[in-house]
There are 4 protein chains.
Amino acid sequence: MDKRRAARIDQVLNAAADCFVEFGFHGAGMAKIAKRASMSVGHIYHYFENKEAIIAAIVDRESELAAERFAEFEEVPRDELVHVMTERVDEMVDSKADAFQSVLNLEILAESQRNPQIACIMRQHDEEVRELFRSMLKDKLNLPDAEARTELLLSLFGGLASRIIRHPELDRHTLIPLIKQVMHLALEPCDKDDKRKSE
Amino acid sequence: MDKRRAARIDQVLNAAADCFVEFGFHGAGMAKIAKRASMSVGHIYHYFENKEAIIAAIVDRESELAAERFAEFEEVPRDELVHVMTERVDEMVDSKADAFQSVLNLEILAESQRNPQIACIMRQHDEEVRELFRSMLKDKLNLPDAEARTELLLSLFGGLASRIIRHPELDRHTLIPLIKQVMHLALEPCDKDDKRKSE
Amino acid sequence: MDKRRAARIDQVLNAAADCFVEFGFHGAGMAKIAKRASMSVGHIYHYFENKEAIIAAIVDRESELAAERFAEFEEVPRDELVHVMTERVDEMVDSKADAFQSVLNLEILAESQRNPQIACIMRQHDEEVRELFRSMLKDKLNLPDAEARTELLLSLFGGLASRIIRHPELDRHTLIPLIKQVMHLALEPCDKDDKRKSE
Amino acid sequence: MDKRRAARIDQVLNAAADCFVEFGFHGAGMAKIAKRASMSVGHIYHYFENKEAIIAAIVDRESELAAERFAEFEEVPRDELVHVMTERVDEMVDSKADAFQSVLNLEILAESQRNPQIACIMRQHDEEVRELFRSMLKDKLNLPDAEARTELLLSLFGGLASRIIRHPELDRHTLIPLIKQVMHLALEPCDKDDKRKSE
DNA sequence: AATGAATGAGACTTCATTCAT
DNA sequence: GATGAATGAAGTCTCATTCAT
């Protein structure tokens, strides 16, 4: 019976995610969510106290999913890590091109600026991701400034998503090598050249 | 007479921007906008046909402002360009930390995914910005793949904004040098090393 | 088996009375009643066809209880009756100060004005009470106008309840002697003085 | 223009009072109130922030009205006061028989037990009424225990209303003289007889 | 007997928009 | 140009009630 409950909750969450992407957190009405979940409006309130609670659950689920996507790097042995990560850039760009994920992320970011509860959930997950990257960079690759490098990489990945929204036709073929260079820069010890240049 | 009209419109636009940041495009009601603009609800409809028209105007104004911020690089002589741009990183990070601008941008990005009119406005401005960068990189710095380099830079800048939302306490001191390195990478001819690595 | 059923019904009735006092007949939801009765919502409908039926049962039970409270006077011998009744004023005032009973009574009175079924139940019980008083006054105390005297007493008692709601801090010490005087007036043959005054 | 506003507010208040009497505070929906006020649902919210605010306004208006009804006694010269008051009993009983007023009062009393704001409004008006009576009894009639006598009278009047609900057919002809006796008792100095009896 | 999932109507409230003044 | 009264649809949420288990 608990399984049925979980399935029902997922039904709502999936429908809600759809609607949120299509109309935004505040543009999507409970009626639309209910219809897409093939469920009565009232019954949704047996599983979620609030519309906000649905949003929070979506944020939680989506953030967790995003964190899991990074988690697979943890099992990669250290001498393959750089190679594996750079090789994954192509599919990462593809994933960023997924409008569904991107819009949901934007919505979450925007909402987190007005809803402290959302901000809290989002930041907890971000901390996990950061810690995961940081420990990889520091422990596996022996890199200094692991935090800053992490921020650089996450900036780049996050920025990619908004770039694709602003310019969907961008030429990935020529961009991807550049991204890989930045990743090498972030994943390898600074050589003297770089240091000189940055001063 | 026309000046008064323009001032009135700005009054509305400023109030609207405030409200949109605080409540989101769909969370902000015309009543709140009117009150913050010290204007009657009905009168706003003398200047804007729609709430959507207000949103569109905001998007237009905001995008133009963003483009102008980049435009100042056009007047920098070519041998100072790299230096000037990298030196500006600090204030750029500061500007990304401005919640007002960031939230407005997120809202615009999200809205552009559901409102084709908004998407159109936003993309036109993005094209301007891209063209500006592209011509700088190509004509002033003689760089190949100017489009891709532009995308890389814009990705980085855009990603910074979302990073600061997700992790407001991030240590800018150690991140900024890294960003500068990436900028050098994007603004200078690829050396053989980099090429080898990226393969 | 029937005993269990009665206990279950009482469980519901007690919970319902609680909720009705706290939220009113229309403000109390079946869900709250069910929770306070430690019973499922659906199961309540095995014992009561309706929410209205619960209300009716409450009205019945409460009215019966009120009638029983008066019934004890029946066993008092006639020459002690006046004395016993006046001596009970203190505890009567206390009982009227019981918010639970008072609110329930108000709710019942108000509901009886819109729900004929409730009105019917209530009036049947009132008739019992009236008859009880009337026969006491007439048969035991040989008083004329027993009906009117009954109404006077019941008015006074009923009015006390609303007074305590409107003015909870009222000074009972000085009020109670006055009430006793009125009771004497109602429970003793009119003397000539009174008759003269009332003309 | 302010006159129009007041008229509109009265329109709502009258419609609301009607509905509250017919369905109770919580049984009456905004839709019904709006329809009876010949006004759109939404527009009511231009005049009242809340349904609660409407209830509060009704309570205020009704209580004020009730207080005004007593206020006319203030202008009666002292040697006619007792006579005038007892002569008014007939119409008072009639007014208590007005279902509209009675139900509204019950609703108010019941609501005041759960809504502190309502309780506050109601008690302020009750204080006015009490003070009016008290000063009459003390200053005009030189009576001791003016507060207690006031409470006795108000109890009697209030109780009359609930009696008429419980027993609409009660014989007023024989009751009214009794009431007048009680009023005399409350409005005249205690004689020794009464004192003896009440001990 | 007992549960709680499920429904759809209706609760209060807010919204974008129009219109008379 | 400017106001704010006015509307009705749609918003979120709760309700009494039923039904499969």
Side-chain angles (χ1 to χ4, degrees), chain A residues 1 4-5 7-9 23 26-35 37-54, chain B residues 1 4-5 8 23 26-35 37-55, chain C residues 1 4-5 8 23 26-35 37-55, chain D residues 1-2 4-5 7-9 23 26-35 37-55:
Chain A
M1 289 307 102
R4 173 152 184 78
R5 184 181 169 85
R8 223 78 166 97
I9 287 180
F23 308 102
H26 296 297
M30 292 299 289
K32 265 174 208 152
I33 296 174
K35 180 165 282 180
S38 310
M39 197 181 296
S40 78
V41 181
H43 195 44
I44 293 184
Y45 286 84
H46 280 245
Y47 300 114
F48 296 94
E49 201 184 358
N50 258 3
K51 191 184 174 186
E52 256 199 51
I54 301 180
Chain B
M1 299 308 96
R4 172 152 184 76
R5 184 180 168 84
R8 278 309 237 172
F23 308 103
H26 294 295
M30 292 297 287
K32 264 173 208 151
I33 296 174
K35 179 166 282 179
S38 310
M39 195 181 299
S40 79
V41 183
H43 198 43
I44 292 184
Y45 284 83
H46 279 242
Y47 301 113
F48 297 94
E49 198 186 0
N50 254 350
K51 190 182 172 186
E52 255 197 56
I54 301 180
I55 296 177
Chain C
M1 299 305 97
R4 172 153 183 75
R5 185 180 168 83
R8 274 318 231 169
F23 309 104
H26 293 295
M30 291 298 287
K32 263 173 208 148
I33 296 174
K35 179 167 282 179
S38 309
M39 195 181 298
S40 79
V41 183
H43 197 44
I44 292 185
Y45 284 83
H46 279 242
Y47 301 111
F48 297 94
E49 197 186 1
N50 255 349
K51 191 184 173 185
E52 256 197 55
I54 300 179
I55 296 178
Chain D
M1 292 306 101
D2 213 26
R4 173 154 184 76
R5 186 181 168 84
R8 225 71 169 104
I9 287 180
F23 308 103
H26 297 297
M30 292 300 289
K32 266 173 208 152
I33 296 174
K35 179 165 282 179
S38 309
M39 197 181 296
S40 80
V41 182
H43 195 43
I44 292 184
Y45 285 84
H46 280 246
Y47 300 113
F48 296 94
E49 201 183 358
N50 257 1
K51 191 186 172 185
E52 255 199 54
I54 300 180
I55 296 177

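Sequence lines set the chain letters: A, B, ... in the order given, protein chains first and strands last, and positions in each chain run from 1.
- Within the 4.0 Å cut-off from OP1 or OP2 of F:dA16, not a single side-chain nitrogen or oxygen of C:Asn50 is found.
- Counting all heavy atoms, side chain and backbone alike, A:Ala34 lies closest to A:Ser40 at CB-C, 4.0 Å.
- Closest to the side chain of D:Tyr45, from the set F:dT17, E:dC12, F:dC13, is E:dC12.
- The CZ atom of A:Phe48 sits 15 Å away from the P atom of F:dT12 (whole-angstrom rounding).
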Item to check | Nucleotide-level pairing of DNA chain F, given in dot-bracket where Watson-Crick and G-U pairs need both distances under 3.5 Å and | marks other strands | outcome: .||||||||||||||||||||
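- At whole-Å resolution of the value, CE in A:Met30 and P in E:dT7 are 13 Å apart.
- E:dA11 atom C1' lies 14 Å from atom CD1 of D:Ile54, rounded to whole Å.
- The distance between atom NZ of C:Lys51 and atom C1' of F:dT14, rounded to the nearest whole Å, is 11 Å.
- Note: NE2 (B:His26) to C1' (E:dA16) measures 13 Å, nearest angstrom.
- Among all heavy-atom pairs drawn from B:Lys32 and B:Phe23, the shortest one is CD-CE1, 3.7 Å.
- Across all strands, B:Ala28 comes closer than 4.0 Å only to sugar-phosphate atoms, never to a base (heavy-atom distances).
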For nucleotides 5-9 of chain F, give me every protein contact, N/O to N/O, under 3.5 Å, one pair per line with atom names.
| residue | atom | partner | partner atom | Å |
| --- | --- | --- | --- | --- |
| F:dA6 | OP1 | D:Arg4 | NH2 | 2.9 |
| F:dA6 | OP1 | D:Arg8 | NE | 2.8 |
| F:dA6 | OP1 | D:Arg8 | NH2 | 3.2 |
| F:dA6 | OP2 | D:Arg8 | NE | 3.1 |
| F:dA6 | OP2 | D:His43 | NE2 | 2.2 |
| F:dA6 | OP2 | D:Tyr47 | OH | 2.5 |
| F:dA6 | O5' | D:His43 | NE2 | 3.0 |
| F:dT7 | OP2 | D:Ser40 | N | 3.0 |
| F:dT7 | OP2 | D:Ser40 | OG | 3.4 |

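- As a whole-Å value, the separation of B:Ile33 CD1 from E:dT14 P is 17 Å.
- The separation between A:Glu49 atom CD and F:dT12 atom P is 16 Å, rounded to whole Å.
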Please tabulate, for side-chain N and O atoms in residues 42-51 of chain C, each donor-acceptor pair with protein atoms closer than 3.5 Å (sequence neighbours left out).
| residue | atom | partner | partner atom | Å |
| --- | --- | --- | --- | --- |
| C:His43 | NE2 | C:Tyr47 | OH | 3.4 |
| C:Lys51 | NZ | C:Phe25 | O | 2.9 |
| C:Lys51 | NZ | C:Ala28 | O | 2.7 |

